[in-house]
Amino acid sequence: MTSPPQQRALTWRVLCIFAVSAPINCYFLIQMEVVRYTFPTWVVPLSNVIFILTAVMLINGVIRLLSNNFALKQGELLLLYVTLSFATSLAGCDILQAILSVLGHSFWFATEENEWRTLFWHHLPQWLTVSDRDALRGYYLGESSLYRPHHLRVWIPVVGAWLLLFTVIAFIFMCLNTILRRQWSQRERLTFPIIQLPLAMTNPVSGFFRNKRMWIGFAIAASISLFNGLSHLYPVIPHIPVTRRFFTFQEAPFSLYGTIITAFYPFAIGLMFLMPLDILFSTTLFYFLYRNEVALAKAVGWSSIPRFPYLNEQTIGAFVGLCFFFGWTGKRHFWRVLKSALPSGERFLNSKFSFASGTKSPSEQSDEPMPYRVAVWGFVLGILLFAFLLYKAGMTPWLAFTFAILFLITPLVTTRIRAESGIFVHAYHWQAPRYILNTILGTHRLGAQNLTALSVCFFNRDYRPQQMPHQLEAFKIAEVANINQRRMLLTLIIATIFGGLVAFWVQLHLYYQFGADSGYFGPWALGYGREYFGRLTNWITYPLDTDWLGVIFIGIGFSVMMVLTYLRIKFFWLPLHPLGYVMASNQEMSDLWIPLLIAMTLKWIILRHGGIQSYRRVIPFFLGLVLGDYLMGSTWSLLNILLNTTMYQFYP
């Protein structure tokens with residue numbers, strides 16, 4: 001039986017649409033996230049990308065009525081979604097927005113009082129930072145132009161160096177995702193809930209836009225957003241409280257819980273409904289356990305112990321435990337992938353034993369993004385090159401290699417979280433390598449040079465926008481939509497390089513036009529640099545040794561995760577999922593516990609009383625909630641920019 005022909009996806013017209021829309025999209029992001037205070041890059045699927053995809057599909061529908069041959073096909077629309085998602089992630093608040101804020105901050109804001117000149121100036125990597133005050137004057141004060149020859153001479157080498165670093169990181173992720181893809185997508189059959197909306201929107205035979213349940217969900221969410229937007233403009237109209245609200249209590253026991261946040265985001269309910277029920281239950285359970293741990297500590301007087309119950313350190317240990325779990329559950333697949341990279345690998349994979357195991361021989365790996373041999377050796381060489389670049393940035397050789405390995409932990413875990421659970425926001429600021437190293441080794445042992453390099457080379461602040469999960473989701477899109485995986489890989493490379501270049505260009509253009517320190521931009525135009533160099537000053541001025549209590553709680557987190565994974569393997573029916581333990585520590589979970597409860601309750605009722613068929617029938621309704629909230633919320637955001645006035649913000 002012959003397989004159906006693959007979709008034609010990577011075309012010149014898609015690349016042209018991406019080339020035109022990427023700078024406009026990036027300008028929109030900077031206006032929303034840096035000038036104002038709403039963050040499209042915090043949640044996935046990215047609301048601005050869904051908005052652009054919808055606009056393109058509306059135009060495409062008109063073109064199809066005139067001439068079907070000229071209309072974009074599903075594969076082309078999905079590649080546009082993938083490329084814009086990558087460009088958006090790179091331009092997001094935690095990646096290039098944060099990095100650009102750091103590059104010249106220490107040189108421009110150094111004073112006699114903060115003593116930055118003597119503390120760490122001589123440790124800053126010159127090839128990754130900007131020290132030229134003439135170039136920085138226009139950047140911070142504005143009323144200048146990026147395109148002056150002197151400014152270009154200063155910035156082009158630095159931007160090129162950072163693009164090299166992010167290309168190396170993207171290549172490492174591509175190799176790792178190639179190794180993981182078959183195990184997670186086909187053997188373990190993870191559901192990838194995040195991509196269900198763009199797949200449904202672009203599928204010409206799904207009938208998504210003809211489904212009445214979808215339009216009911218769309219109408220509910222869009223009406224709430226429309227009503228709240230009008231209420232913001234005309235206060236006489238009542239407001240429907242779906243965005244977050246903060247409550248504090250003065251009397252026990254509620255005062256022990258600190259600030260309580262309530263929110264009823266329609267899109268959050270829609271996306272969380274797609275999460276597996278055991279993960280919904282486990283996340284809810286562990287989140288309430290954590291909040292009660294904090295309340296109990298206050299009640300019995302343990303609040304004097306700093307950071308108790310050390311949730312961030314527990315999460316670090318749990319992340320490491322999950323990585324061991326992933327390796328154990330996929331050990332047969334990973335072992336055969338490793339064998340394929342060795343000289344005798346082809347004979348091994350062509351054996352009857354390998355064929356029976358389900359791992360394809362090299363001649364049958366044409367449906368992979370790259371051959372396993374290339375993926376394995378590319379991963380090894382990529383790690384070594386990444387470590388070498390970190391060494392050139394100022395890290396000692398052992399720290400550079402250690403950082404390169406530790407840097408993979410959080411992206412790997414969040415990729416699994418996205419693929420299996422579909423949680424739409426993952427903020428893990430304190431699980432970055434710099435904090436792991438500071439806890440285990442102490443800032444005193446690391447020294448000023450390594451600490452400076454760690455402060456500049458952070459690459460991702462809170463791990464909300466990320467490359468690795470988007471890559472694996474792109475490979476899953478290619479699998480579901482019958483798109484050539486090698487073409488998808490090429491698409492990811494193009495999107496990474498071009499998206500990074502556009503993100504730097506648009507931000508620098510705006511900073512030179514308006515000035516990062518002129519007051520035009522919000523606090524985060526300078527806030528990231530202030531945060532990182534302020535913390536670096538404390539690290540150097542007040543060095544600390546190993547935080548043994550933190551190390552103990554890392555061990556506790558690792559042990560709890562090992563117990564949970566054991567229970568998961570031995571008692572699969574037990575509704576206690578290991579991912580719930582780490583998802584409960586998500587920094588944004590305090591905003592999302594009510595949508596989590598609503599989604600869990602609705603899904604349990606539907607599955608209990610209606611079965612799987614009823615569940616499948618109502619999925620379009622919940623996707624409609626997401627689409628309606630996204631489109632109307634993005635419309636208000638767009639009007640916010642075009643009219644230069646404050647409008648309703650649907651998130652956060």
Side-chain angles (χ1 to χ4, degrees), residues 26-43 88-111 113-116 119-120 124 128-131 136-142 158 162 244 246 312 425-432 434-435 438 451-452 454-466 503-504 506-541 587-588 590-591 637 640-641 646 649 651-652:
C26 187
Y27 175 83
F28 171 84
L29 286 176
I30 303 306
Q31 287 290 332
M32 294 310 303
E33 297 191 341
V34 184
V35 179
R36 295 155 179 87
Y37 190 85
T38 186
F39 297 92
T41 57
W42 281 12
V43 297
T88 299
S89 297
L90 286 170
C93 60
D94 289 338
I95 304 184
L96 292 186
Q97 288 180 29
I99 286 171
L100 195 57
S101 174
V102 167
L103 300 188
H105 189 95
S106 62
F107 295 102
W108 184 255
F109 291 100
T111 63
E113 290 76 17
N114 59 36
E115 298 180 340
W116 288 356
L119 281 176
F120 52 77
L124 289 167
L128 292 176
T129 55
V130 175
S131 58
L136 291 175
R137 182 173 293 106
Y139 175 89
Y140 284 106
L141 301 182
V158 176
W162 280 102
R244 62 183 181 182
F246 300 85
N312 297 318
V425 60
H426 34 74
Y428 293 106
H429 177 83
W430 300 103
Q431 284 68 49
R434 57 189 176 276
Y435 302 118
N438 287 346
L451 292 171
T452 303
L454 287 171
S455 297
V456 174
C457 300
F458 57 91
F459 302 108
N460 202 318
R461 180 178 177 267
D462 280 351
Y463 294 95
R464 282 169 294 211
Q466 285 196 51
F504 271 117
V506 172
Q507 289 184 83
L508 287 171
H509 174 86
L510 290 174
Y511 283 140
Y512 273 94
Q513 181 180 1
F514 297 105
D517 194 25
S518 65
Y520 174 81
F521 296 95
W524 288 112
L526 305 176
Y528 300 109
R530 188 181 300 114
E531 172 189 327
Y532 277 90
F533 289 114
R535 185 181 294 124
L536 175 60
T537 302
N538 290 333
W539 284 346
I540 297 174
T541 307
Q587 294 168 216
E588 307 299 331
S590 59
D591 296 357
S637 298
N640 192 341
I641 297 171
T646 304
Q649 298 173 356
Y651 185 82

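Note that the coordinates shown come from a computational prediction; the quantities given were computed from them, not determined experimentally. Heads up: numbering here begins at 1 and tracks the sequence.
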With heavy-atom distances below 4.5 Å as the criterion, would you say the side chains of [X] and [Y] are in contact?
| X | Y | result |
| --- | --- | --- |
| Phe533 | Leu124 | yes |
| Leu96 | Trp162 | no |
| Tyr532 | Arg434 | yes |
| Thr41 | Asp94 | no |
| Ile641 | Arg36 | yes |
| Leu141 | Trp108 | yes |
| Trp430 | Gln587 | yes |

Problem set entry | Contact summary for Val506 and Cys26, nearest pair of heavy atoms |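 Closest approach of Val506 to Cys26, heavy atoms only: CB-SG, 3.7 Å.
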Problem set entry | Shortest non-hydrogen contact between Phe28 and Ser637, atoms and distance | CZ-CB, 3.9 Å
Exercise. Do Glu115 and Thr537 pass the side chain to side chain contact (heavy atoms under 4.5 Å, CB included) test, and can you show the C-alpha distance, the side-chain angles, and the key distance before you say yes or no?
Worked result: CA-CA 9 Å; Glu115 298 180 340; Thr537 302; over 6 Å; no
To the nearest 0.5 Å, how far apart are [atom1] in [X] and [atom2] in [Y]?
| X | Y | atom1 | atom2 | result |
| --- | --- | --- | --- | --- |
| Ile30 | His509 | CD1 | NE2 | 12.0 Å |
| Leu119 | Thr541 | CG | OG1 | 5.0 Å |
| Trp539 | Asn438 | CH2 | CG | 4.5 Å |
| Phe504 | Leu103 | CZ | CG | 6.5 Å |
| Leu136 | Asp517 | CG | CG | 11.5 Å |
| Phe109 | Arg530 | CZ | CZ | 7.0 Å |

Problem set entry | Derivation and outcome, side chain to side chain contact (heavy atoms under 4.5 Å, CB included), residues Tyr651 and Arg244 | CA-CA 8 Å; Tyr651 185 82; Arg244 62 183 181 182; over 6 Å; no
For this session: Classify the angle between the aromatic ring planes of Trp116 and Phe120 as parallel (below 30°), tilted (30 to 60°) or perpendicular (above 60°).
Result: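 Tilted: the ring planes of Trp116 and Phe120 meet at 30° to 60°.
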Exercise. Would you call the rings of Tyr140 and His105 parallel, tilted or perpendicular, where under 30° means parallel and over 60° means perpendicular?
Worked result: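 Tyr140 and His105: perpendicular rings.
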Going by atom type alone, with no hydrogens or angles, which donor-acceptor pairs under 3.5 Å involve a side-chain atom of residues 454-463 and a protein atom two or more places apart or on another chain?
unit_1 : atom_1 : unit_2 : atom_2 : d
Ser455 : OG     : Leu451 : O      : 2.9
Asn460 : OD1    : Tyr463 : N      : 2.8
Asn460 : ND2    : Pro465 : O      : 2.9
Arg461 : NE     : Glu531 : OE1    : 3.1
Arg461 : NE     : Glu531 : OE2    : 3.4
Arg461 : NH2    : Glu531 : OE1    : 2.9
Asp462 : OD1    : His429 : ND1    : 2.6
Asp462 : OD2    : Arg464 : NH2    : 2.7

Exercise. Can any side-chain N or O of Gln31 pair as donor or acceptor with the backbone N or O of Tyr27 at less than 3.5 Å?
Worked result: no
Exercise. Hey, does the side chain of Tyr528 reach the backbone of Leu100 with a donor-acceptor pair shorter than 3.5 angstrom?
Worked result: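 Not at all, since once roles are kept as given, no pair shorter than 3.5 Å links the two residues.
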For this session: Run the numbers on Met32 and Asn640 for side chain to side chain contact (heavy atoms under 4.5 Å, CB included), then give the verdict.
Result: CA-CA 9 Å; Met32 294 310 303; Asn640 192 341; 4.3 Å; yes
Problem set entry | Candidate pair Glu588 and Trp42, rule side chain to side chain contact (heavy atoms under 4.5 Å, CB included), full reasoning | CA-CA 10 Å; Glu588 307 299 331; Trp42 281 12; 4.1 Å; yes
Exercise. With Gln649, which residues qualify under side-chain hydrogen bond (donor to acceptor under 3.5 Å, both in side chains), at least two apart?
Worked result: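 Scan of Gln649 (side-chain hydrogen bond (donor to acceptor under 3.5 Å, both in side chains), adjacent residues dropped) gives none.
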Problem set entry | side-chain contact (heavy atoms from CB on, under 4.5 Å) partners of Ala525, counting only residues at least two apart | Val34, Tyr511, Phe521
